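Working notes, beginning with the structure itself.
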Amino acid sequence: MQIQENISLKPYNTFGIDAMARYFASFDNADDLQELLTPSSQLTTLILGGGSNILFTQHFDGLVLKNEIKGIHEIHEDNEYVYVKAGAGENWHQFVLYCIERNWAGVENLSLIPGNVGASPMQNIGAYGTEIKDVFFALEAYHKQERKILTFSRNDCAFGYRESVFKNKYKDQFVILNVTYQLKKHPKFNTSYGAIEQELVKMEVKELSIKAISDAVINIRSSKLPDPKVIGNAGSFFKNPEIIDVHFQQLKKQFPEIVGYPLPNGNVKLAAGWLIEQCGPEMGASWKGYRKGDVGCYSKQALVLVNYGDASGEVIYNLSERILDSVKEKFNVEIEREVNII
Ligand code: FAD
Ligand code: EPU
């Protein structure tokens with residue numbers, strides 16, 4: 001455990017932003033974390049996992065703490081479930097593959113999401129019809145001020161669409177140390193979302209399995225999302241907005257092609273990617289595929305902003321502002337950022 005000074009965060013964020021951290025340290029257990037978070041320190045701290053949902057718009061004049069807590073353990077099982085505890089610093093996709101190898105079901109639809117286990121409950125990661133809340137059992141987190149470890153159940157986390165108590169009420173107060181997932185011994189396949197079924201047919205899958213679903217999800221994701229190792233990005237930059245049905249019906253009259261999904265509460269969730277694709281930097285042009293210098297809006301998925309090289313976080317943020325404004329102007333819909341802005 002060593003505190004380094006003036007460290008470039010470029011290798012630690014998937015946008016590839018060359019921001020500097022005044023101080024930087026890694027920890028792989030709660031005791032070291034406690035030591036790093038000395039009560040006398042006035043430094044602002046930032047907990048970092050894989051850096052795949054963060055945009056640095058400025059240098060970080062505080063202490064960045066990289067969570068490296070490892071370990072995956074089966075802690076309990078009953079007839080239906082295995083309860084698996086994973087260290088916050090485990091890579092998420094490696095954890096998914098570990099579960100698939102053992103035929104523990106529930107996370108296969110979440111294959112290939114970048115980042116670490118510890119961040120998975122932060123925004124209740126979701127993809128292809130599954131969210132963390134569906135497999136979440138409990139987590140342990142360290143309270144920075146009270147200097148003690150607390151356990152959170154599913155209810156305590158107040159999960160919502162890309163939301164949890166850690167992004168709202170308890171923002172910046174806790175460091176997640178480990179997460180326990182409740183995985184099924186007898187899989188219940190979920191292939192209804194998006195293009196999974198189509199992809200399984202294309203793959204000529206004869207017998208459905210969690211491995212086949214994982215492979216299908218990997219194929220679909222690889223075909224439309226940029227690989228951060230090649231093009232800097234943080235996945236969807238914006239959330240899909242929810243609007244009331246009356247507003248949706250008005251929009252539908254004006255824009256018959258608009259993409260919306262009815263929600264159980266009677267509202268409609270709009271595909272922000274579609275809205276963004278219909279807007280652009282000038283009349284007749286679309287944001288989708290837009291590029292100026294090293295900043296752009298990805299050509300295969302308009303929800304994803306990209307850094308082609310040396311774009312600054314500020315320039316990416318400014319593009320996101322222009323996109324938000326253009327969507328508001330054309331559709332009277334407010335879209336929110338999903339990525340954590342630092
Ligand atoms: P980081 O970016 O390091 O951190 C994210 C936030 O959580 C920060 O505020 C950080 O301070 C905080 N944090 C991280 N770890 C801890 C901890 N242990 N304790 C307390 N706070 C912590 N997300 C989805 O939901 N669905 C997708 O389909 C999806 N697809 C993506 C595709 C691509 C190509 C990319 C680049 C990103 C995608 N994402 C997706 C976003 C991202 O992968 C997830 O949000 C992921 O959970 C972030 O993990 P991380 O470890 O990189 O978090
Ligand atoms: N669409 C367009 N143009 C685009 C992109 C999308 O018209 O450029 C429309 C299409 O009609 C498409 C629909 O939007 O059918 C939905 O697109 P997609 O299936 O790609 O999903 P998404 O709503 O854009 C969400 C998540 C992703 C997640 C996928 C799959 C959010 C903000 N994003 O994207 O999560 O992987 O569904 O479940 O909810 C992330 O959070 O970083 C992320 C990548």
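First listed ligand is number 1; within each ligand, the first listed atom is number 1. Predicted, not measured: the structure shown is a model, and the values here were computed from it.
By heavy-atom distance, the residue among L225, I231, L46, I47 lying nearest atom 17 (C) of ligand 1 is I47. Looking at Y298, F174, F15, it is F174 that brings a heavy atom closest to atom 20 (C) of ligand 1. By heavy-atom distance, the residue among R162, E338, K224 lying nearest atom 35 (O) of ligand 2 is R162. Summarising the contacts of atom 12 (C) of ligand 1 with M122, E131, E338, the nearest heavy atom is found in M122.
Within ligand 2, counting atoms from 1 as listed, the ones closer than 4.0 Å to a heavy atom of Y193 are 30 (C), 37 (O), 38 (O). Ligand 2 places these atoms under 4.0 Å from at least one heavy atom of G235: 42 (O). Close contacts between ligand 2 and A302 involve ligand atoms 4 (C), 8 (O) [criterion: under 4.0 Å to a heavy atom].
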Item checked: Worked check of side-chain hydrogen bond (donor to acceptor under 3.5 Å, both in side chains) between N332 and Q250 -> CA-CA 11 Å; N332 193 24; Q250 285 166 356; over 6 Å; no

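With a 6.0 Å cutoff to the six-membered ring centre and a 45° limit on the axis angle, K330 does not count as a cation-pi contact of F255.
Residue contacts with ligand 1 include R162, since one of its heavy atoms falls under 4.0 Å from the ligand. Residue contacts with ligand 1: G89 is excluded, as none of its non-hydrogen atoms falls under 4.0 Å.
One side chain, T191 or E197, offers a donor N or O that lies under 3.5 Å from an acceptor on the other.
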